[in-house]
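So that the names make sense, note that chain A is the first sequence line, chain B the second, and so on, each numbered from 1.
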Amino acid sequence: MTTHGFSGAAVRALLSWFEKEQRYMPWREQKSAYRTWISEIMLQQTRVDTVIPYFNRFMKHFTDVYELANAKQDEVLKFWEGLGYYSRARKLHECAQVLVTDYHGVFPETYEELLKLPGLGPYTAAAITSIAFAQPVPVVDGNVFRVHARLYGDYDDISKPNTRKKVFEHLLEPVKVSKHPSYFNQGIMELGALICTPQNPNCTKCPVSKFCYAKSNKVQSELPVKKPKTKVPEKDVAIFLLEDEKYVLLQQRHEKKLLGKMWELPGSEFKDKPEEVLVKIKEQTGFELKVGKKLKIFRHAYSHFKVKAHLYEATHCGTAIVGTGLHDVQWVEKSNLSEKAFGKIALDILKYLKLRKA
DNA sequence: AAGTCGGGGAG
DNA sequence: CTCCCAGACTT
């Protein structure tokens with residue numbers, strides 16, 4: 001009768017599995033706190049395969065914390081385009097400047113100090129302390145929640161903040177015993193990504209299956225426990241294409257909102273008719289638009305709502321004040337449209353516009 | 001405690 | 001379609 005959870009033997013099994021089976025990741029080469037930091041921020045809620053090309057491009061352009069700190073925010077955002085959660089990029093930039101001004105460009109090496117930096121929460125602070133500075137602080141991410149819940153048979157709701165604390169404290173001992181905090185932490189996460197997956201975990205290949213509560217009780221599909229989320233509403237949005245031979249009118253989104261500071265075709269949500277949006281556009285930009293032909297509908301799903309975007313041609317009647325700097329609107333040359341930072345819907349529209357010409 | 005914030009891969 | 005990913009931050 002073996003006990004469940006991370007005994008010394010289970011920890012050793014995990015480590016030797018990790019050393020053999022770990023995937024190649026560029027940030028595991030030429031390891032530094034800077035590289036670990038950038039990779040960990042990019043990896044927040046984002047898969048490894050998605051991050052790799054972004055990481056390589058980013059590191060090539062911003063080779064150290066000083067280059068990042070001295071860059072313009074728009075430039076940083078440009079290298080983040082398509083990766084999502086853009087506040088990560090803004091915090092990353094802000095953090096680089098804090099490091100340069102307050103820390104002589106050098107990362108503090110303790111969990112508590114790292115936690116104070118912008119964009120670094122419990123997970124990322126633990127990841128940097130353990131991976132870059134070899135200290136025994138456990139990481140708790142989605143993979144760890146899952147592996148831990150199954151291994152120990154823990155039915156606590158992982159969406160509750162208290163559960164994170166419990167798991168963290170529960171893993172303090174094993175990560176210390178392991179002697180290799182970096183490998184222990186990365187090992188659990190790699191196990192969660194490759195073997196102990198959300199659906200249909202591959203227990204036959206799992207190095208710690210004989211220490212696993214869920215495996216021996218056949219309850220893998222019940223763990224981890226997570227409160228069901230409420231289903232998402234769909235919003236109707238009207239978007240207007242106002243153009244001449246050379247230019248298209250773009251509007252900048254509010255800084256602190258969804259897709260903050262991104263440029264897009266002017267438009268917003270409506271309840272009944274798309275004309276409702278024209279009033280708002282006039283207030284915000286001074287442009288008096290008239291709705292033209294309906295061109296196409298674009299759909300996109302965000303985390304907690306869906307968008308049904310109706311694209312219309314538009315003309316403007318009356319005189320508009322342009323170029324005063326008072327309005328967050330800009331005529332952009334069609335050839336330069338992709339120079340602005342775009343979200344997914346805008347990129348789809350851009351693709352459509354190019355296609356429409358041909 | 002609940003809501004906000006992206007985009008994409010897997011099934 | 002649904003789920004969830006090497007989460008952090010605001011309200």
Taking the nucleotide of DNA chain B with the nearest heavy atom to each, does A:Y86 or A:N200 sit closer to the 5' end? A:Y86
Whole-Å gap separating C1' (B:dA1) and NZ (A:K227): 7 Å
How far, in whole Å, is C:dC3 from B:dG6 if one measures between their C1' atoms? 15 Å
Between B:dC5 (P) and A:L259 (CG): distance, integer Å: 9 Å
Exam field: side chain A:R88 to backbone A:G84, donor-acceptor pair closer than 3.5 Å: yes
Assess the side chains of A:S182 and A:Q186: does a donor N or O sit below 3.5 Å from an acceptor N or O? yes
Please work out if A:G192 contacts a base, only the sugar-phosphate, or nothing of the nucleic acid, heavy-atom cut-off 4.0 Å. nothing
Check whether the ring centres of A:F6 and A:H170 lie less than 6.0 Å apart, and answer yes or no. no
Option passing ring-ring contact (aromatic ring centres under 6.0 Å, His included) with A:H310 (candidates A:F270, A:F298, A:F240): A:F270
Taking the six-membered ring where the residue is Trp, are the ring centres of A:Y152 and A:Y213 under 6.0 Å apart? no
Hey, does A:R28 reach any base, or is it just sugar-phosphate, or nothing, if we go heavy atoms under 4.0 Å? base
Considering only heavy side-chain atoms of A:N143, the closest of C:dC3, B:dC5, C:dA6 is C:dA6
Gap in Å between the two P atoms, one belonging to B:dG11 and one to C:dA6, rounded: 14 Å
Just checking, any donor-acceptor pair under 3.5 angstrom between side chains of A:Y155 and A:E222? yes
NZ of A:K226 versus P of B:dA2: gap in Å, rounded? 14 Å
Scan nucleotides 9-11 of chain C against the protein and return all N/O pairs shorter than 3.5 Å with their distances rounded to 0.1 Å.
unit_1 : atom_1 : unit_2 : atom_2 : d
C:dC9  : OP1    : A:G119 : N      : 2.5

Assess the side chains of A:H61 and A:E67: does a donor N or O sit below 3.5 Å from an acceptor N or O? no
Donor-acceptor contact below 3.5 Å, side chain A:R150 vs main chain A:K215: no
Quickly work out the A:I41 CD1 to C:dG7 P distance and round it to whole Å. 11 Å
List in numerical order all residues of residues 144-179 of chain A for which some heavy atom is under 4.0 Å away from an atom belonging to DNA chain B. A:P161
What is the separation between atom CG on A:L258 and atom C1' on B:dG6, rounded to the nearest whole Å? 8 Å
Donor + acceptor pair across side chains of A:T124, A:Q44 (<3.5 Å): yes
Near DNA chain B, which residues from residues 43-56 of chain A have a heavy atom under 4.0 Å away? A:Q45, A:T46, A:R47
Answer yes when A:K261 and A:D74 have at least one side-chain N-carboxylate O distance shorter than 4.0 Å, and no when they do not. no
Return no unless some side-chain N or O of A:H300 is found under 4.0 Å from OP1 or OP2 of B:dG6. no
From NZ of A:K257 across to P of B:dT4 the rounded distance in Å is 11 Å
Contact under 4.0 Å: A:T124 side-chain N or O vs C:dA8 OP1/OP2: yes
Rounded distance in Å - CD (A:E40) to P (C:dA6): 11 Å
Between atom CZ in A:R299 and atom C1' in C:dC1, what is the gap in whole Å? 13 Å
Is a donor from one side chain sitting under 3.5 angstrom from an acceptor on the other, for A:E29 and A:Y24? no
If you go through the side-chain atoms of A:Y123, does one of them form a donor-acceptor pair with the base of C:dG7 closer than 3.5 Å? no
Tell me if a side-chain donor or acceptor on A:Q97 pairs with a main-chain N or O of A:A69 at a distance below 3.5 Å. yes
When you measure from the centre of the six-membered ring of A:Y54, is the NZ or CZ of A:R57 under 6.0 Å away and within 45° of the axis? yes
Candidates C:dC4, C:dG7, C:dA6 - which lies nearest the side chain of A:P198: C:dC4
